[in-house]
Amino acid sequence: MFLCVSPNPAIDKRLTLPALLRGQMSRVSAVRSFPGGKAVHVAMVLQTLGAHPHWIGPCGGTSGEELKAGLSSLGIRATACPTSQPTRTNLEIVEGDGTVTEILEPGSPLSSAEWEQFESACGRAFAENSENKTVILSGSLPPNARPDLYADLVARARQSGCKTLLDTSGEPLRLALAAEPDFVKPNRAEAGQVLGAAIHTISDACAAIHKLLALGARSAALSVGSEGLLFCARKAEPVLFAPVIPLQPGSTVGCGDSALAGFAFRSASAYSPQDRLRLAAACATANCLADSPGAARLEDIERFRHQIGVQTLASDS
């Protein structure tokens, strides 16, 4: 069972146009809207892989209704916690030459009562059939969220016997590491910010993974963008590296979320670290060819899974 927790969901709106002309009028050739936020993308890919994920998050206004309707149309079970303020909208601007620009709203603040309702709903969901449940906590936090929100949710989920996977950044990530999540997956910039050191090379990324484990994560992956994806299943085990398969992406938005879904789907101990990394990298690669974030096709995932190679880098022994 997979529970995808989204404290700051969104409607993703993709605008396609020949070129974005700064300071001038730009005419859009196509507009599409999708349920969004990182946890939604994770839930979509999990469903594509054959799981039946449960999404939970705050929703408000007409954009919140659109989000709920979108999840329902996808067949994803959702627990929507009502809010008085509207759900945010994120813009993805895709130009004719393949350039992608993201404009992300911060999200609306929740009232004390709305936060209490959301956290209570999470607690109930953690306790419901908690055996063999994997909780995926991902995305940014709304402006007035406690920075230790994810740390508390990780602790509560673990107390209920759930596995915990986390994908966030900044102070929320730093605080949550001390709660010992079973898995974290920052990208290069996010890890560098938390660790206080820029990550330029694969060697730097390997060292960063060891530091994330030392700070409390039980396993960790790190995306290095166009170079590939690193993963270490636990302390003292080798860091593995899956180089990117060269292709021309339509958009890389949602690739990290797709990788997270692959790691979650293969989180059972029966799968080797190599298998887990290979599926995660395949999900991320397939997302590059999708019509929208999180809409990777299963046939693409399977094709890339058989093409991706995994290298062994180093252990932290």
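Treat the numbers as computed from the prediction; the structure is a model and nothing was measured. Side-chain atoms are counted along with the backbone in the values below, which use heavy atoms only and exclude waters and symmetry mates.
- Two rings, from Phe231 and Phe263, have their centers less than 6.0 Å apart.
- A distance-only check finds a donor-acceptor pair linking the side chain of Thr201 to the backbone of Asp204 [under 3.5 Å].
- With hydrogens and angles disregarded, a donor-acceptor distance shorter than 3.5 Å links the side chain of Ser267 to the backbone of Ala264.
- Between the side chain of Asp148 and the backbone N or O of Leu175 there is no donor-acceptor pair closer than 3.5 Å.
- Side-chain atoms of Asn287 and His41 include no donor-acceptor pair closer than 3.5 Å.
- Distance check, rounded to the nearest 0.5 Å: NZ of Lys185 to CD1 of Ile209 gives 10.5 Å.
- Leu74 contributes atom CG, which lies 9.0 Å from atom OG1 of Thr48 (distance to the nearest 0.5 angstrom).
- Between Thr62 and Pro86 the shortest side-chain heavy-atom distance does not fall below 4.5 Å.
- Residues Gln47 and Arg77 have side chains not in contact (no heavy-atom distance under 4.5 Å, counting atoms from C-beta outward).
- The shortest non-hydrogen separation linking Cys283 to Ser258 is CB-O, 3.2 Å.
- Side chain of Ser120 to main chain of Gln117: no donor-acceptor pair is present (N/O by atom type, distance under 3.5 Å, no hydrogens or angles).
- When atom types are taken as modelled, the side chain of Lys133 and the backbone of Leu3 share no donor-acceptor pair closer than 3.5 angstrom.
- With hydrogens and angles ignored, the 3.5 Å screen pairs a side-chain donor or acceptor of Thr83 with a backbone N or O of Gln85.
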Listed pairs under 3.5 Å, donor-acceptor, residues 53-60 side chains, sequence neighbours left out:
{"from": "His54", "atom 1": "NE2", "to": "Thr79", "atom 2": "OG1", "distance (Å)": "2.7"}

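- Taking CG of Asn90 as the reference point, atom CZ of Phe34 lies at 12.5 Å (rounded to 0.5 Å).
- At a threshold of 4.5 Å between side-chain heavy atoms, the hydrophobic network of Ile, Leu, Val, Met, Phe, Trp and Tyr places Phe2 and Leu71 in two separate groups.
- Here the shortest heavy-atom pairing between Cys4 and Ala39 reads CB-O, 3.7 Å.
- Distance check, rounded to the nearest 0.5 Å: OH of Tyr150 to CG of Leu173 gives 10.5 Å.
- In this structure, Pro106 and Arg88 have side chains that are not in contact, with every pair of non-hydrogen atoms separated by 4.5 Å or more.
- Hydrophobic clustering of Ile, Leu, Val, Met, Phe, Trp and Tyr side chains at less than 4.5 Å, counting indirect connections, keeps Val40 apart from Val45.
- The hydrophobic cluster containing Val253 does not contain Leu67, counting ILVMFWY residues as joined when their side-chain heavy atoms lie under 4.5 angstrom apart, directly or transitively.
- Note that NZ of Lys38 is 3.5 Å distant from CG of Asp257, once rounded to the nearest 0.5 Å.
- Listed here is the closest heavy atom pair of Ala286 and Ile301: CB-CG1, 3.6 Å.
- No side-chain heavy atom of Ile93 sits under 4.5 Å from any side-chain heavy atom of Arg14.
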Side chain to side chain contact (heavy atoms under 4.5 Å, CB included) between Leu215 and Leu195: does it pass, once the steps are laid out? CA-CA 10 Å; Leu215 289 172; Leu195 300 175; 3.7 Å; yes
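- Residues Thr134 and Met1 form no side-chain contact, since every pair of their non-hydrogen atoms from C-beta on lies 4.5 Å or further apart.
- For the atom pair CD (Glu92) and OG1 (Thr252), the distance works out to 8.0 Å, reported to the nearest 0.5 Å.
- Clustering ILVMFWY residues whenever any of their side-chain heavy atoms sit less than 4.5 angstrom apart, transitively, puts Phe241 in a cluster other than the one holding Val244.
- In this structure, the side chain of Ser272 engages the main chain of Asp275 through a donor-acceptor pair within 3.5 Å.
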Stepwise, does the side chain to side chain contact (heavy atoms under 4.5 Å, CB included) test hold for Leu230 with Leu313? CA-CA 9 Å; Leu230 292 87; Leu313 298 182; 3.6 Å; yes
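- Comment: Glu302 does not engage Arg297 in a salt bridge, judged by the lack of any side-chain N to carboxylate O separation of less than 4.0 angstrom.
- Contact detail for Ser169 and Glu190: the closest heavy-atom pair is CB-CG, 3.5 Å.
- Nearest heavy-atom pair, Ser63 versus Thr87, reported as atom, atom and distance to 0.1 Å: OG-O, 2.6 Å.
- The main-chain N or O of Leu20 is found under 3.5 Å from a side-chain atom of Glu95 such that the two form a donor-acceptor pair.
- With contacts defined as side-chain heavy-atom distances shorter than 4.5 Å, the pair Asn144/Ser111 does not qualify.
- Between Ile202 and Glu227 the shortest side-chain heavy-atom distance falls below 4.5 Å.
- Contact record, Leu260 with Ser138: CD2-CB, 4.1 Å, taken as the closest heavy-atom pair.
- Side chain of Arg32 to backbone of Lys13: no donor-acceptor contact under 3.5 angstrom is found.
- In terms of the salt bridge (charged side-chain N to carboxylate O under 4.0 Å, His left out) criterion, Glu102 has no residue partners (sequence neighbours excluded).
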List the steps and the verdict of side chain to side chain contact (heavy atoms under 4.5 Å, CB included) for Cys81 and Glu114. CA-CA 8 Å; Cys81 303; Glu114 289 166 350; over 6 Å; no
Criterion side chain to side chain contact (heavy atoms under 4.5 Å, CB included) on Ile245 and Phe304, from CA distance to verdict: CA-CA 8 Å; Ile245 294 176; Phe304 289 131; 3.9 Å; yes
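- Remark: Gln307 CD is packed, more than 12 non-hydrogen atoms of other residues, nucleotides or ligands lying under 6.0 Å away.
- The existence of a salt bridge linking Arg146 and Asp152 is confirmed by a sub-4.0 Å separation between a basic side-chain nitrogen and an acidic carboxylate oxygen.
- Residues Met44 and Leu298 fall into different hydrophobic clusters, defined by Ile, Leu, Val, Met, Phe, Trp and Tyr side chains chained together at heavy-atom separations under 4.5 Å.
- Residues Cys122 and Phe126 are in side-chain contact: their nearest non-hydrogen atoms beyond the backbone lie under 4.5 Å apart.
- When each of Ser84, Pro142, Pro143 is tested with Leu110 by the rule side-chain contact (heavy atoms from CB on, under 4.5 Å), just one qualifies, namely Pro142.
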Donor-acceptor contacts under 3.5 Å from residues 218-225 side chains, at least two apart:
{"from": "Arg218", "atom 1": "NH2", "to": "Glu180", "atom 2": "OE1", "distance (Å)": "3.3"}
{"from": "Ser219", "atom 1": "OG", "to": "Asp182", "atom 2": "O", "distance (Å)": "2.6"}
{"from": "Ser223", "atom 1": "OG", "to": "Gly225", "atom 2": "N", "distance (Å)": "3.4"}

